[in-house]
Amino acid sequence: MPQQKNHSFDVIVVGSGASGGWACKLLAEAGLKVALLEAGRPQSDKNFTEHKPEFELEYRNKTTELIRKTRPIQVKFGVCNEYTYDWFVNDLEEPYTTPADKPFNWMGRLRMTGGRTNVWGRVSLRFSDWDFKSASQDGYGEDWPLSYKDIEPYYDLVEKYVGITGSAEGLEHLPDGQFQPPVPLTCQETLFRNRVKEKLGRIVMPTRSANLTKPLNGRGSCHFCGPCERGCVTHSYFNSAFTTVADALASGNCTLISNAMAYKVLMDPERNRARGILYVERNTRHTREIHARAVILCAQSQESVRILLNSATPQYSNGLANSSGVLGHYLTAHVRSGGGSGEFPAFGAKPSLGGPVKPLGIYIARFRNLPNTPSYKKFLRGFGYEGESSTEFNWTAPGFGESYKKALLEPRASLDITGFGEVLPRWDNFVELDPHVKDVYGIPVLKIHMSDGENERAMIQDMGDSAGEMLEAAGAKNIRTYAHPSAPRWALHEAGMARMGVDPQKSVLNQFQQAHDIKNLFVMDASGFTSNPCQNPTLTIMALCVRSCDYLMSELKRNAI
Ligand SMILES: Cc1cc2nc3c(=O)[nH]c(=O)nc-3n(C[C@H](O)[C@H](O)[C@H](O)COP(=O)(O)OP(=O)(O)OC[C@H]3O[C@@H](n4cnc5c(N)ncnc54)[C@H](O)[C@@H]3O)c2cc1C
Ligand code: SF4
């Protein structure tokens, strides 16, 4: 990749994942000179292993203990495995801390072009005004400084480019989008959907997912090989490395600077403007400066907030753009430790070790605290479920020899569902710099304070109970449900900490993710989320980023920043 340093650019974008990819694509295609600083290595189709069987791996993918030596946190989520572990941060080199009584697993920290979109689960759902204006509905927290109609055209634009498979359901609280044809449900999923609708009135649908069912912009449709999190040579799921970032580079206006760990935003204190970024070259440990007219942080929410906290100046002594004092606070992340599973008839399906694998299953739309329904007494807001079905060999069949072989072939069809619940934004869920710990690049690290409150605990319990209720309604056998407290707390959908708002005394960013305090500084990842509804965040991260880039370009054009 061409590398360019100490140059002046129009815009610096930090991070090449879901948000950074879009920012680069839009700005570079519009003719602006963009520097893309990415802490990780370049990604390439050569790294993709979705068709490689485990027996071709040196350790047959049985290396959890080995990976734990360098990535004790990352390995806790299965997508960090022998195939992909070196895409992830080395937890020992780039640690974070927590209070002893509030453990938090910060997983999914990628160090590759594409960031988390390399390995994400691809579930792509719109928010609605029921989410953007939730504070007005139930009196908790703050409304977002924008409404559904402001973001709707950007959802359309993003969905058409990304390629989202899904079905229109006509739900006010989960708006339909620009869908590619849905992936059909399995027999078990269809039975579950019909019975849950009939008996409980709840809506089960094919997962809305960033997997192509029709070719798009040179990307092939999904051929159902299964492990998207190991890459995809046909580019059939959405990964910013081979979509938005590739487009930005093809424009000739974007320079990707890999292995560049942004440390802080450089300021011109006289003019109260961001001048650029100070970063550390990961391979040489040299520090470099890069300058531009505007700076956009897209490093993933905790990482971007860490950069702002590390950029404190005499004028902004508790973190850059933090005159409100709320920077770092209101960390939210979904709870997902309630759900259940059950067994269903196989309907003639035969188990197979080499057959097609559907990379997505079902989604159950939120059914608590909805428009025009009485509020649910036990908690505020709500949760949805992700689920999938499978038909497996009967591995645990009793017996030996011939009788075991016969019993093994008896198919075991099951369906499991996991709740994803909204976490209320609370002041005391926050991040700060740990004054005693630095990473190997000499950059102070975050201390993360996060725990469940009463609302989350009640919601998790309901996730387990309602899973049981739905599986029973569908006629499942051997139903198992769970509802654990989420300790250690963990998440892959973190948001908040530099929240958007109308009032600069209560928020860090305005509705265009522009710092209230510094006009040429933007944070376009999920840091700006005013709340974190139960729908997965990334579609909204991307749509907001496109909207904010439109605003940034118009402001640059009229020399307003
Ligand atoms: C296993 C997994 C499953 C998920 N499933 C879903 C799902 O189904 N649906 C959904 O909506 N979301 C899902 N997510 C979340 C989704 O991936 C993120 O919301 C999204 O990628 C965030 O986009 P981002 O641009 O903020 O950050 P990222 O995509 O993480 O990109 C950030 C980039 O910034 C770089 N970076 C970090 N710090 C620095 C620095 N200091 N200097 C320079 N570069 C830096 C990183 O290397 C990274 O490449 C999942 C995540 C994971 C890990
Ligand atoms: S299942 Fe589809 S999207 Fe996933 S890796 Fe295979 S072809 Fe690509």
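When a ligand or atom number is given, it counts from 1 through the structure's own listing order.
Some N or O of Leu110 is nearer than 3.5 Å to an N or O of ligand 1, by distance alone. Here's the thing with Leu539: none of its N/O atoms is less than 3.5 angstrom from an N/O atom of ligand 1. At least one N or O atom of Glu38, backbone or side chain, sits closer than 3.5 Å to an N or O atom of ligand 1. Where the criterion is an N or O separation shorter than 3.5 Å, residue side chain and backbone included, Trp120 fails it with respect to ligand 1. Considering backbone and side-chain N/O of Ala18, one or more are found under 3.5 Å from N/O of ligand 1. Residue Ser19 places at least one N or O, backbone or side chain, under 3.5 Å from an N or O of ligand 1. On a distance-only criterion, Ser301 and ligand 1 share no N/O pair closer than 3.5 Å.
For Asp91, there are no salt bridge (charged side-chain N to carboxylate O under 4.0 Å, His left out) partners, not counting sequence neighbours.
Note on atom 6 (Fe) of ligand 2: protein N/O/S atoms under 2.8 Å are Cys225 SG.
For ligand 1 and Gly15, the ligand atoms under 4.0 Å from any heavy atom of the residue are 33 (C), 34 (O), 35 (C). Each of the following atoms of ligand 1 lies closer than 4.0 Å to a heavy atom of Ala260: 42 (N), 43 (C). Within the listing of ligand 1, atoms 7 (C), 8 (O), 9 (N), 10 (C), 11 (O) sit less than 4.0 angstrom from a heavy atom of Asn536. Which parts of ligand 1 touch Ile307 is read off a 4.0 Å heavy-atom cut-off, strictly below it: atoms 41 (N). Atom numbering of ligand 2 starts at 1 in the shown order; those under 4.0 Å from a heavy atom of Gly231 are 5 (S). Listed by number with element, the atoms of ligand 1 under 4.0 Å from a non-hydrogen atom of Asp525 are 26 (O).
Here the straight-line distance linking atom CD of Gln513 with atom OG of Ser304 works out to 10.5 Å at 0.5 Å rounding. Taking CG of Leu125 as the start and NE2 of His173 as the end, the distance is 10.5 Å to the nearest 0.5 Å. Atom CD of Glu29 and atom OG1 of Thr244 lie 9.5 Å apart (nearest 0.5 Å).
Between Asp176 and Arg208, at least one side-chain N (NZ, or NE/NH1/NH2) sits under 4.0 Å from a carboxylate O, which counts as a salt bridge. Ion pairing between Asp156 and Arg126 holds under the 4.0 Å rule for side-chain N and carboxylate O.
The proximity of Thr113 to ligand 1, defined as any non-hydrogen pair under 4.0 Å, does not occur for either the backbone or the side chain. In Tyr263, neither the side chain nor the backbone holds a heavy atom less than 4.0 Å from any atom of ligand 1. With a 4.0 Å heavy-atom cut-off, ligand 1 is reached by the backbone of Ala39 and by its side chain too. Counting heavy atoms under 4.0 Å from ligand 1, residue Val14 touches it through the side chain alone. Residue contacts with ligand 1 for Leu125 are absent, since no atom lies close enough (heavy atoms, distance under 4.0 Å). Counting heavy atoms under 4.0 Å from ligand 1, residue Met261 touches it through both backbone and side chain. Under 4.0 angstrom from ligand 1, there are no non-hydrogen atoms of Met107. Contact annotation for Ser240 and ligand 1: no heavy atom of the residue comes within less than 4.0 Å of the ligand.
Taking each of Val79, Asn239, Thr538 in turn, the one with a heavy atom nearest to atom 10 (C) of ligand 1 proves to be Thr538. Heavy-atom proximity to atom 32 (C) of ligand 1, evaluated over Ser304, Ala299, Gly108, Gly78, is greatest for Ala299. Across Cys545, Ala526, Gly17, heavy-atom proximity to atom 31 (O) of ligand 1 is greatest for Gly17.
Thr332 approaches Gly496 most closely through the heavy-atom pair OG1-N, 4.4 Å.
Counting heavy atoms from C-beta outward, Ile257 and Ile290 have side chains that approach closer than 4.5 Å.
You'll find the ring centres of Trp120 and Tyr237 outside the 6.0 Å limit. Residues Trp22 and Tyr161 place their aromatic rings such that the two centres sit under 6.0 Å apart. Close placement of the Phe420 and His493 rings is indicated, their centers lying within 6.0 Å of each other. Aromatic rings of Phe529 and Phe127 (six-membered ring for Trp) have centroids within the 6.0 Å cut-off, being under it.
Residue contact annotation: Met112 has a non-hydrogen atom under 4.0 Å from ligand 1.
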**Report entry** Derivation of the side-chain hydrogen bond (donor to acceptor under 3.5 Å, both in side chains) call for Thr213 and Ser221
**Finding:** CA-CA 5 Å; Thr213 50; Ser221 354; over 6 Å; no
Requested in this report: Any chance you could lay out the side-chain hydrogen bond (donor to acceptor under 3.5 Å, both in side chains) test for Asn532 and Glu422, step after step, and finish with the verdict?
Outcome: CA-CA 6 Å; Asn532 194 356; Glu422 173 163 357; over 6 Å; no
Query raised in the report: Could you walk me through whether Asn259 and Glu281 pass the side-chain hydrogen bond (donor to acceptor under 3.5 Å, both in side chains) check?
Result: CA-CA 6 Å; Asn259 297 305; Glu281 280 185 350; over 6 Å; no
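Residue Tyr85 places its OH atom among 12 or fewer non-hydrogen atoms of other residues, nucleotides or ligands, all under 6.0 Å distant.
Cation-pi geometry between Arg288 and Tyr279 is not satisfied (NZ or CZ under 6.0 Å from the ring centre, within 45° of the ring normal).
No side-chain donor-acceptor contact under 3.5 Å links Asp525 to the backbone of Ser19. For Tyr551 (side chain) and Val546 (main-chain N/O), no donor-acceptor pair under 3.5 Å exists by modelled atom type.
For atom 3 (S) of ligand 2, the closest heavy atom belonging to the protein is Asn211 ND2, 3.3 Å.
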